[in-house]
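Have a look at the structure below, then the notes.
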Amino acid sequence: MTRLSEAQVAARPLLLVVGPTAVGKSEIALALAQTLGTEILTADSRQVFRGLDVGTDKPPVESRGGVPHRLIDLAEPDQPFNAGAFRRHALVEIERLYGEKRVPLVVGGTGLYVRALVRGLCDVPETDLPTRARLIEQARRQGRAFMYQELQRVDPATAKRIHPNDEPKILRALEIYQRSGKRLSEIQDHHRFGDDTFTSLIVGLTRERGALYRRIEVRVEHLFARGLVEETRRLLAQGYSRESAAMKGLGYRQVAGLLAGEYGLEEAVRLLKRDTKRFAKRQMTWFRKEPHVEWMSIQEHESATTVAERIARRAEDFLAHLADSHSAQVVVEGR
RNA sequence: GCCGAGGUAGCUCAGUUGGCAGAGCACAGCCCUGAAAAGGCUGGUGUCGACAGUUCGAUUCUGUCCCUCGGCA
């Protein structure tokens with residue numbers, strides 16, 4: 001059990017455990033949270049949706065070992081949720097934990113959410129659904145190339161950063177321009193992920209690729225065994241369309257195709273295994289270039305508790321130095 | 001044993017009238033500022049079964065051998 005000192009709280013420490021899907025984050029984080037006497041703040045763009053349980057591999061309440069899991073079940077599957085909303089919710093939980101002298105532990109695989117928390121988001125208008133719907137409709141009628149030309153006209157610098165085929169990003173940039181009259185490129189150049197709200201220790205978990213892929217295959221088999229098909233059928237029956245953000249997630253997308261009769265069970269399993277591996281690869285690419293990640297490689301025989309102990313030792317060290325540097329700073333200020 | 005078909009990328013296969021080997025899938029590398037488990041970009045990874053012959057040059061033609069599949073025995 002770790003209680004932070006006033007000086008440590010003042011330094012605003014943040015502990016983050018990141019890594020690709022199926023690397024073993026959840027189990028390790030649970031042991032780590034128990035050791036540190038804190039809670040788990042999940043940074044996961046799909047676990048925020050209520051009812052997406054099996055497919056997102058959300059830890060069932062009975063296997064959470066008494067550790068509260070926050071930042072999950074925040075929205076209905078058809079409600080909008082995004083990185084900004086995640087950041088706002090996370091900041092509330094983090095302040096509460098500081099008040100309780102506990103170190104916040106953020107665990108997740110959604111790179112953008114982690115980055116939004118650690119380094120902030122630039123000051124752009126909140127997503128506006130009517131505007132977005134209008135732009136999507138316009139893109140459907142006039143074509144993606146037209147929308148891209150439009151972006152080139154109003155914000156050439158952003159157009160240069162976005163590929164002409166990347167429709168969601170083109171539309172988002174246009175949306176920002178229409179809503180604020182400002183160019184996204186200028187807002188971004190001003191921000192540059194420069195927020196520095198916390199003193200962060202980011203631990204990145206990895207495994208040898210073949211081992212990770214084998215774990216993904218096993219997980220996918222488990223998801224089907226635990227009722228992924230039934231869960232998807234239920235969500236569709238509740239009226240959540242295949243087009244909603246929640247249902248476009250891994251698992252639901254592939255099973256929706258199965259339920260629509262586009263292919264059989266075996267193919268659905270194959271597709272989900274393939275797509276999950278591709279996703280893990282994209283996560284690795286993202287986190288590899290995230291600054292200040294301390295990488296920790298997990299061996300195949302290693303237990304979650306062993307890894308959690310390694311992280312806990314590193315975290316204690318991090319917190320101890322935090323107190324040092326902060327008191328040093330106090331001395332300097334006092335002169 | 002005989003007859004037939006085949007052996008080219010991780011898989012399924014195309015192809016070269018003899019001139020740097022190519023598709024799909026799989027895979028790899030990468031991008032990302034409120035949709036991010038989304039969306040997008042790039043890349044061929046090869047002893048063309050083996051050995052010999054013909055040729056300036058053989059994955060391609062010829063011969064021998066090996067292997068796989070089917071049919072007949």
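Naming convention: chains lettered A, B, ... in sequence-line order (proteins, then strands); numbering from 1 in each chain.
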To the nearest Å, give me how far apart [atom1] ([X]) and [atom2] ([N]) are.
| X | N | atom1 | atom2 | answer |
| --- | --- | --- | --- | --- |
| A/Arg270 | B/rC25 | CZ | P | 10 Å |
| A/Arg132 | B/rG39 | CZ | P | 13 Å |
| A/Arg183 | B/rU33 | CZ | P | 18 Å |
| A/Asp275 | B/rC25 | CG | P | 13 Å |
| A/Tyr148 | B/rG39 | OH | C1' | 15 Å |

Determine the Euclidean distance between corresponding [atom1] atoms of [M] and [N]; express it in Å to zero decimal places.
| N | M | atom1 | answer |
| --- | --- | --- | --- |
| B/rA5 | B/rC56 | P | 32 Å |
| B/rU60 | B/rU17 | P | 13 Å |
| B/rA50 | B/rC11 | P | 15 Å |
| B/rG57 | B/rG18 | C1' | 8 Å |
| B/rC31 | B/rG19 | C1' | 40 Å |

(request) Describe the nucleic acid contact of A/Thr56 in one word from base, sugar-phosphate, nothing, applying a heavy-atom distance below 4.0 Å. (result) base
(request) Under 4.0 Å between any heavy atoms, over every strand shown, what does A/His191 touch: base, sugar-phosphate, or nothing? Just pick one. (result) base
Show me the donor-acceptor pairs within less than 3.5 Å that the side chains of residues 115-127 of chain A make with the rest of the protein, sequence neighbours left out.
{"residue": "A/Arg115", "atom": "NE", "partner": "A/Glu290", "partner atom": "OE1", "Å": "2.9"}
{"residue": "A/Arg115", "atom": "NH2", "partner": "A/Glu290", "partner atom": "OE1", "Å": "2.9"}
{"residue": "A/Arg119", "atom": "NH1", "partner": "A/Glu290", "partner atom": "OE2", "Å": "3.1"}
{"residue": "A/Glu126", "atom": "OE2", "partner": "A/Asn82", "partner atom": "ND2", "Å": "3.4"}

(message) Just confirming the chi classification of B/rG34, syn or anti, using 90° around 0 as the syn window.
(response) syn
(message) Strictly by ring-ring contact (aromatic ring centres under 6.0 Å, His included), give each pair with a member in residues 149-194 of chain A just once, sequence neighbours left out.
(response) A/His191-A/Phe193
(request) Quick one: which residue pairs count as a ring-ring contact (aromatic ring centres under 6.0 Å, His included) with a foot in residues 99-140 of chain A, not counting sequence neighbours? (result) A/Phe86-A/Tyr113
Using a cut-off of under 3.5 Å, enumerate the N/O to N/O pairs linking the protein to nucleotides 30-32 of chain B.
{"residue": "B/rC30", "atom": "OP2", "partner": "A/Arg288", "partner atom": "NH2", "Å": "2.6"}
{"residue": "B/rC32", "atom": "OP2", "partner": "A/Lys289", "partner atom": "NZ", "Å": "2.3"}

Under a 4.0 Å heavy-atom cut-off, which of [range] touch RNA chain B?
| range | value |
| --- | --- |
| residues 244-254 of chain A | A/Lys248, A/Gly249, A/Leu250, A/Arg253 |
| residues 199-224 of chain A | A/Arg209, A/Tyr213 |
| residues 12-33 of chain A | none |

Could you list the donor-acceptor pairs under 3.5 angstrom formed between side-chain atoms of residues 248-260 of chain A and any protein atom two or more places apart in sequence or on another chain?
{"residue": "A/Tyr252", "atom": "OH", "partner": "A/Gly55", "partner atom": "N", "Å": "3.1"}
{"residue": "A/Tyr252", "atom": "OH", "partner": "A/Glu231", "partner atom": "OE2", "Å": "2.5"}
{"residue": "A/Arg253", "atom": "NE", "partner": "A/Lys248", "partner atom": "O", "Å": "3.0"}
{"residue": "A/Gln254", "atom": "OE1", "partner": "A/Gly251", "partner atom": "N", "Å": "2.7"}
{"residue": "A/Gln254", "atom": "NE2", "partner": "A/Asp275", "partner atom": "OD2", "Å": "2.8"}

(message) Between A/Thr306 and A/Ser303, do the side chains contain a donor N or O and an acceptor N or O under 3.5 Å apart?
(response) yes
(request) Classify the side-chain pair A/Arg161/A/Gln188 by whether it contains a donor and acceptor separated by less than 3.5 Å. (result) yes
Side-chain atoms of residues 96-106 of chain A: list all donor-acceptor pairs with protein atoms under 3.5 Å, sequence neighbours left out, distances to 0.1 Å.
{"residue": "A/Arg96", "atom": "NE", "partner": "A/Glu93", "partner atom": "OE1", "Å": "3.2"}
{"residue": "A/Arg96", "atom": "NH1", "partner": "A/Glu39", "partner atom": "OE2", "Å": "3.4"}
{"residue": "A/Arg96", "atom": "NH1", "partner": "A/Glu100", "partner atom": "OE2", "Å": "3.2"}
{"residue": "A/Arg96", "atom": "NH2", "partner": "A/Glu39", "partner atom": "OE1", "Å": "2.6"}
{"residue": "A/Arg96", "atom": "NH2", "partner": "A/Glu93", "partner atom": "OE1", "Å": "2.7"}
{"residue": "A/Tyr98", "atom": "OH", "partner": "A/Arg12", "partner atom": "O", "Å": "3.3"}
{"residue": "A/Tyr98", "atom": "OH", "partner": "A/Pro13", "partner atom": "O", "Å": "2.7"}
{"residue": "A/Glu100", "atom": "OE1", "partner": "A/Arg102", "partner atom": "NE", "Å": "3.1"}
{"residue": "A/Glu100", "atom": "OE1", "partner": "A/Arg102", "partner atom": "NH2", "Å": "2.6"}
{"residue": "A/Lys101", "atom": "NZ", "partner": "A/Glu6", "partner atom": "OE2", "Å": "2.8"}
{"residue": "A/Arg102", "atom": "NH1", "partner": "A/Gly37", "partner atom": "O", "Å": "3.2"}
{"residue": "A/Arg102", "atom": "NH2", "partner": "A/Glu39", "partner atom": "OE2", "Å": "3.1"}

(message) Please give the remaining members of the hydrophobic cluster of A/Val92, linking ILVMFWY side chains under 4.5 Å, ordered by chain and number.
(response) none
(message) Assigning hydrophobic clusters by single linkage (Ile, Leu, Val, Met, Phe, Trp, Tyr; side-chain heavy-atom cutoff under 4.5 Å), is A/Ile162 placed with A/Ile136?
(response) yes
(message) Show me the pairs that pass side chain to side chain donor-acceptor pair (under 3.5 Å) and involve residues 15-28 of chain A, at least two apart or across chains.
(response) A/Thr21-A/Arg219
(message) Requiring both pairing distances under 3.5 angstrom, list the stems that contain RNA chain B and are made of three or more consecutive Watson-Crick or G-U pairs.
(response) B:1-7 with B:66-72, B:10-13 with B:22-25, B:27-31 with B:39-43, B:49-53 with B:61-65
(request) Measure the NZ-CZ distance between A/Lys277 and A/Arg282 for me, rounded to the nearest 0.5 Å. (result) 14.5 Å
(message) Starting the side chain at C-beta, find the nucleotide from B/rA38, B/rU33, B/rA35 nearest to A/Ile136.
(response) B/rA35
